[in-house]
Protein chains: 2
Amino acid sequence: MNAPLTEKTCGFADSQSVAAKLAALSHPARIEILRHLSASRSCCCREVVDHLDLAQSTVSQHLRVLVDAGLVRYKPDRQRSRYEVDSDALANVSASLAALVTSCCSGR
Amino acid sequence: MNAPLTEKTCGFADSQSVAAKLAALSHPARIEILRHLSASRSCCCREVVDHLDLAQSTVSQHLRVLVDAGLVRYKPDRQRSRYEVDSDALANVSASLAALVTSCCSGR
DNA sequence: ATCGTTTATCGGCGATAGACGATGAACGAG
DNA sequence: CTCGTTCATCGTCTATCGCCGATAAACGAT
């Protein structure tokens, strides 16, 4: 965990922000997109569209959700768009959830 | 991690089921409820209502979402309802997310 | 200059989420 | 038995989600 957590490991981000990040992950298509982004090098929208069997506009929206949540980085590149997973941010979400779970388990 | 994962650590639950569990966690009120459940001993609906400043019906619905997702156990007790966090299930979700994150990070 | 490709965004549609109040069932206490 | 408490469920309303097709902008290639 190299990303500096704004909260201590045993502390919490507020429910609001944790929920927001998890919401971005709470859709099968977006999880699939994340997997594909991390596995692929190209990371353009089109490629995801081919992989996913959804309309291009729909995929673009899903990507936007991930970007807005800060889980995916976006960089326009010619007529392509480069999307890539923000590993640190992702690790952060996972850590937040883990912290929540830990506190729930240790509390009993 | 004492819960036996049905998939290998490096494998995945399908996106669908992971997404469903995360969806249950993707609301501030439900996260708050989880925290309260784990911190409190009583775990009845009323107490959560007092803690949360939401209508009783709304809280009941949130609890139902958590129960349906398998993250909270429900047991009727007299006129009360006992809700308690299913630590194993919660740990499982966390592990699934961690596995996803790990694979995304290791892939690059 | 004119295509073809890629992409983001808009508008619309149906479905679902989230909130509430009202209601009735269950139950303890009096 | 009756009253108060607790709870789940129902019906309703509004907002948002998820999806699509259409469109326009950006850009490379011809």
Side-chain angles (χ1 to χ4, degrees), chain A residues 14-37 40-85, chain B residues 14-37 40-85:
Chain A
D14 57 317
S15 305
Q16 184 85 32
S17 75
V18 179
K21 305 257 186 197
L22 291 180
L25 293 170
S26 68
H27 193 286
R30 289 196 286 271
I31 292 186
E32 212 54 50
I33 288 177
L34 274 185
R35 289 180 184 169
H36 190 71
L37 287 189
S40 161
R41 270 260 147 261
S42 57
C43 306
C44 71
C45 178
R46 178 75 209 299
E47 205 213 10
V48 180
V49 171
D50 292 343
H51 180 67
L52 220 48
D53 189 58
L54 281 174
Q56 179 267 328
S57 56
T58 304
V59 172
S60 186
Q61 283 179 334
H62 280 306
L63 283 167
R64 187 183 217 283
V65 170
L66 289 170
V67 170
D68 287 347
L71 303 178
V72 164
R73 274 188 298 268
Y74 163 77
K75 192 194 298 185
D77 176 28
R78 320 292 174 101
Q79 79 269 46
R80 301 282 192 82
S81 293
R82 298 203 67 79
Y83 289 98
E84 56 177 337
V85 174
Chain B
D14 57 317
S15 304
Q16 185 85 31
S17 75
V18 179
K21 306 260 186 196
L22 292 179
L25 292 172
S26 69
H27 194 288
R30 288 196 285 271
I31 292 187
E32 211 56 49
I33 288 176
L34 274 185
R35 289 180 185 168
H36 190 71
L37 287 189
S40 162
R41 270 258 148 262
S42 58
C43 307
C44 71
C45 178
R46 178 75 208 299
E47 206 213 11
V48 180
V49 171
D50 291 343
H51 180 67
L52 221 48
D53 189 59
L54 281 174
Q56 178 266 328
S57 56
T58 304
V59 172
S60 186
Q61 282 179 334
H62 280 306
L63 282 167
R64 186 182 217 283
V65 171
L66 289 170
V67 170
D68 287 348
L71 303 179
V72 164
R73 276 188 298 267
Y74 163 76
K75 192 193 300 185
D77 176 29
R78 321 292 174 99
Q79 79 269 45
R80 302 284 191 79
S81 294
R82 298 203 69 79
Y83 289 98
E84 58 177 335
V85 174

Spacing of [atom1] belonging to [X] relative to [atom2] belonging to [Y], to within rounding of 0.5 Å:
X	Y	atom1	atom2	value
B/Glu32	A/Asp14	CD	CG	9.0 Å
A/Thr58	A/Gln61	OG1	CD	6.0 Å
A/His62	A/His27	NE2	NE2	4.5 Å
A/His51	A/Leu37	NE2	CG	9.5 Å

Under-4.0 Å side-chain N/O to phosphate OP1/OP2 contact, [X] with [N]:
X	N	result
B/His62	C/dA19	yes
A/Arg46	C/dT6	yes
B/His27	C/dA19	yes
B/Ser81	D/dA8	yes

Item to check | Sub-4.0 Å heavy-atom contacts from residues 51-60 of chain A onto DNA chain C, ordered by number | outcome: A/Gln56, A/Ser57, A/Ser60
Starting from [atom2] on [N], measure out to [atom1] on [X] and report it in whole angstrom.
X	N	atom1	atom2	value
A/Arg64	C/dT9	CZ	P	5 Å
A/Ile33	D/dG18	CD1	C1'	12 Å
A/Gln79	C/dC3	CD	C1'	14 Å
B/Tyr74	D/dT6	OH	C1'	11 Å
A/Asp50	C/dT7	CG	P	9 Å
B/Leu22	C/dA17	CG	P	15 Å
B/Arg78	C/dA26	CZ	P	16 Å
B/Leu63	C/dA19	CG	C1'	15 Å

Next on the checklist: From the set D/dC19, C/dA8, D/dA8, return the single nucleotide nearest to any side-chain atom of B/Tyr83.
Outcome noted: D/dA8
Checklist entry - A/Gln61 has a side chain; which of C/dA8, C/dC20, D/dC19 sits nearest to it? => result D/dC19
Item to check | Pair B/Leu25-B/Leu34, side-chain contact (heavy atoms from CB on, under 4.5 Å): steps then yes or no | outcome: CA-CA 9 Å; B/Leu25 292 172; B/Leu34 274 185; 3.3 Å; yes
Item to check | Close side-chain approach of A/Arg64 and A/Asp68, heavy atoms under 4.5 Å | outcome: yes
Checklist entry - 5'-most contact on DNA chain D: B/Val49 or A/Arg30, nearest heavy atom basis? => result B/Val49
Checklist entry - Is it the case that A/Ser15 and B/Arg30 place a side-chain donor and acceptor less than 3.5 Å from each other? => result no
